[in-house]
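Please read these numbers as outputs of a predicted model, since none were measured by experiment. We name chains A, B, ... by the order of the sequence lines, and we start the count at 1 in each one. Values below: all heavy atoms of this structure, side chains included; hydrogens, waters and symmetry mates excluded.
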Protein chains: 2
Amino acid sequence: MNIYDIAKIAGVSIATVSRVVNDSPRVSEKTKRRVRAVMEEYQYTPNVFARGLGLDSMKTIGIICPDVADSYMAAAVAFLERRLREYGYDCILYSSSHQQEKKEQAIELILKKRIDALVLVGSTYAGNGSDDDSTGYIKRAAEKIPVFLINGHLEGKNIYSVYSRDYQATFDVTSKLIESGRKQILFLTDSRSYSARKKLEGYEAALKSHGLPVRGELKVYTKNQVHYVRDILLSRRDLEFDSVLATDDGLAVGAVKYAHARRKKMPEELSVIGYNNSELSVCCEPELTTIDNTGEKLCNITIDNMMKLLGGQKDIPKEVPVDCCLVKRCTTDF
Amino acid sequence: MNIYDIAKIAGVSIATVSRVVNDSPRVSEKTKRRVRAVMEEYQYTPNVFARGLGLDSMKTIGIICPDVADSYMAAAVAFLERRLREYGYDCILYSSSHQQEKKEQAIELILKKRIDALVLVGSTYAGNGSDDDSTGYIKRAAEKIPVFLINGHLEGKNIYSVYSRDYQATFDVTSKLIESGRKQILFLTDSRSYSARKKLEGYEAALKSHGLPVRGELKVYTKNQVHYVRDILLSRRDLEFDSVLATDDGLAVGAVKYAHARRKKMPEELSVIGYNNSELSVCCEPELTTIDNTGEKLCNITIDNMMKLLGGQKDIPKEVPVDCCLVKRCTTDF
DNA sequence: CTGAAAGCGCTAACAT
DNA sequence: ATGTTAGCGCTTTCAG
């Protein structure tokens with residue numbers, strides 16, 4: 001069943017059928033009804049390829065994230081997908097891992113699909129802070145289609161960034177920790193991404209502004225796996241710390257497990273603060289105080305901006321920062 | 001830059017360029033090299049639409065699951081996506097929720113994309129057990145393209161099912177519970193899907209085979225949210241139980257939280273068993289004994305079968321059950 | 001308001 | 001081994 005068949009049956013030309021399919025105003029209601037009836041009866045579905053060929057667009061948005069299995073990413077992807085569908089867009093999904101080469105490859109592949117826009121979820125796409133060409137591939141992609149970063153930030157033509165104020169969040173919470181009497185705050189992270197760097201900067205700035213030294217050994221990089229983190233911490237018998245600020249809830253839960261193993265009371269002997277307000281934060285014992293970086297909000301703003309842009313609007317903000325909020329639970333005394 | 005431009009520049013016909021793109025053996029190495037050089041130089045990318053139009057395939061697989069934000073689904077989708085990419089396939093992703101209407105709609109939409117095959121993740125697509133036409137839409141989809149169910153089972157032409165032996169798993173673990181002295185085993189679930197039904201059946205069969213009564217009040221349906229589950233359990237002061245078998249780790253963690261609130265010792269006063277061996281199972285305290293339904297294995301088998309089928313092979317098994325395995329941790333005494 | 005016809009870029013059968 | 005050409009199904013001027 002193609003457009004010719006329908007045209008023949010309905011006794012009109014293919015142009016008219018096409019107009020009906022696209023709901024053009026230049027067709028009489030009567031004709032529209034007749035054609036629609038035929039399409040209905042014969043279960044006609046326009047061929048998306050042919051359509052794409054003509055329009056050079058398939059109403060699909062590309063989404064790339066390092067790993068959909070990560071709960072934060074998964075939530076974002078789920079949310080994006082749902083909202084995009086409301087607007088009649090499809091999603092094609094790529095996982096790129098964090099490796100530079102794979103990330104470049106993912107973008108190259110996805111661009112071939114003639115997507116209408118590209119969404120990059122996660123600050124891993126905002127470069128690693130070095131001044132090599134680690135983000136060049138994104139800028140090149142932006143020459144072809146608009147690129148939207150979620151929780152990352154990159155300057156460039158046709159690149160739009162929505163990110164959370166991680167610097168401010170860690171600055172504030174580190175300050176609270178210090179003001180409640182903590183002096184040895186362990187910074188626990190698994191990443192050197194844009195957002196991880198901002199978190200670190202906020203942490204360090206807070207230490208400095210309270211006259212505390214920034215000690216290298218109190219920054220620990222580890223894999224994001226509960227038991228792995230616990231064991232790393234247990235093995236570092238030299239390290240003394242009275243609180244932990246983690247860049248992800250998984251890491252923070254590792255710290256909680258460490259505290260159990262060492263029989264340290266929380267929050268008295270060890271304060272722990274997680275990040276992302278994920279399901280994990282409410283599973284451990286005691287439950288985690290965590291920073292909610294409001295992924296949903298970031299996604300919403302991104303989608304809104306994208307739809308405006310694809311709709312032809314021009315005044316889209318190049319970057320919009322969003323405040324985090326602290327979810328107080330039981331691993332801190334504030 | 002299209003195939004004509006390249007042909008002109010390389011001084012060959014478009015047919016030759018096309019052959020080079022598709023790596024046909026009927027082109028001399030010399031010509032191939034020359035054409036490739038031109039394609040490289042001008043950054044030529046074949047137009048997927050035009051290609052799709054001719055071949056009526058775009059080398060993409062549709063994936064539908066109720067909710068990618070769910071960690072089990074997310075892991076499956078991540079895994080599928082990665083492996084499909086290895087085979088040069090793209091993924092288009094739809095979340096359908098559990099509502100019948102939305103599920104039907106998702107399939108209808110995704111079929112329009114001319115995907116090469118459809119993967120349905122989650123036993124929600126295996127019907128609700130009633131004998132109405134709740135799975136008819138899937139059978140209709142299978143008339144057009146092969147449909148692969150992951151962790152579900154459906155008879156039908158062109159439908160291939162890979163699922164875990166949930167019945168056996170719950171039968172075994174319930175038996176162990178009974179043999180270790182438990183008599184009041186609470187069955188905790190959030191679903192009436194195919195797999196949830198199988199789990200329930202295994203549980204009931206084990207009770208019966210040990211001469212224990214199947215008590216309706218010991219089956220509780222709830223939302224899959226840690227605190228919600230805890231509160232439900234706390235509110236049912238009438239209910240007495242010495243162990244919990246949950247159909248998902250999230251539910252099981254809820255039960256653990258309940259035990260804390262009631263100051264019940266685990267596993268002595270309350271045994272808890274989760275399902276899916278998710279990250280959550282290792283976050284709570286004590287850590288959950290859980291049934292691993294080996295989602296990765298299910299995905300792998302599915303992909304292997306799919307590639308065989310798309311490659312033209314005919315002898316694909318219509319259904320393959322996979323054994324679960326019990327991950328023993330601290331909420332049980334076996 | 002409707003129709004005829006020219007592409008869109010590629011594949012594949014047919015010819016050389 | 002390479003070229004010619006007829007579609008694939010749709011959108012979109014351009015005419016009427």
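Taking atom CG on A/Leu53 and atom C1' on C/dC8, their separation rounds to 5 Å, with Å as the unit. As a whole-Å value, the separation of A/Asp23 CG from D/dT11 P is 13 Å. Rounded to an integer number of Å, the gap from CE of A/Met58 to P of D/dT11 is 13 Å. With rounding to whole Å, A/Lys112 atom NZ is found 12 Å from C/dC10 atom P. In this structure, A/Ile3 places its CD1 atom 18 Å from P of D/dG7, rounding to the nearest Å. A straight line from CD of B/Glu29 to P of D/dT2 spans 10 Å, rounded to a whole angstrom. One atom, CZ of A/Arg19, and another, C1' of D/dC10, lie 13 Å apart when rounded to the nearest Å. As rounded to whole Å, 12 Å separates atom C1' of C/dG9 from atom CD1 of B/Ile6.
You'll find that the side chain of B/Arg26 is closest to D/dT2, out of D/dT2, C/dT11, C/dA4. Closest contact between the side chain of A/Asn47 and the listed nucleotides D/dC10, C/dT2, D/dT11 involves D/dC10. Listed candidates were D/dC10, C/dC10, C/dG3. Nearest to the side chain of A/Asn2 is D/dC10. Closest contact between the side chain of A/Arg51 and the listed nucleotides D/dT11, D/dT13, C/dC10 involves D/dT11.
Contact annotation for A/Val12: backbone-only contact, meaning every heavy-atom pair under 4.0 Å involves sugar-phosphate atoms and none involves a base.
Salt-bridge formation is detected for the pair B/Asp304/B/Arg83: a Lys NZ or Arg NE/NH1/NH2 atom is positioned less than 4.0 Å from an Asp or Glu carboxylate oxygen. We find that A/Lys32 and A/Asp23 are joined by a salt bridge, their nearest charged nitrogen and carboxylate oxygen being less than 4.0 Å apart.
Each of B/Val21 and A/Ser28 was matched to the nucleotide of DNA chain C holding its nearest heavy atom; the match closer to the 5' end belongs to A/Ser28. Nearest-nucleotide mapping onto DNA chain C: of A/Ile14 and A/Val27, the residue sitting toward the 5' end is A/Val27. Of the two residues contacting DNA chain D, namely A/Pro46 and B/Ala15, the nearest-nucleotide position lying further toward the 5' end is that of B/Ala15.
Using cut-offs of 30° and 60° on the angle between ring planes, the pair A/Tyr160 and A/Phe148 is parallel.
Annotation: cation-pi pair A/Lys103/A/Tyr137 absent, no NZ/CZ under 6.0 Å from the ring centroid and within 45° of its normal.
Proximity of a side-chain donor or acceptor of A/Asp5 to a complementary backbone N or O of A/Asn2 within less than 3.5 Å is detected.
The side chain of A/Thr16 places no N or O atom within less than 4.0 Å of a non-bridging phosphate oxygen (OP1 or OP2) of C/dT2. Side-chain nitrogen and oxygen atoms of A/Ser13 include none within less than 4.0 Å of the OP1 or OP2 phosphate oxygen of C/dT2. Of the side-chain N and O atoms in A/Ser18, none sit less than 4.0 angstrom from OP1 or OP2 of D/dC10.
A donor N or O paired with an acceptor N or O is found under 3.5 Å between the base of C/dC10 and the side-chain atoms of B/Tyr4.
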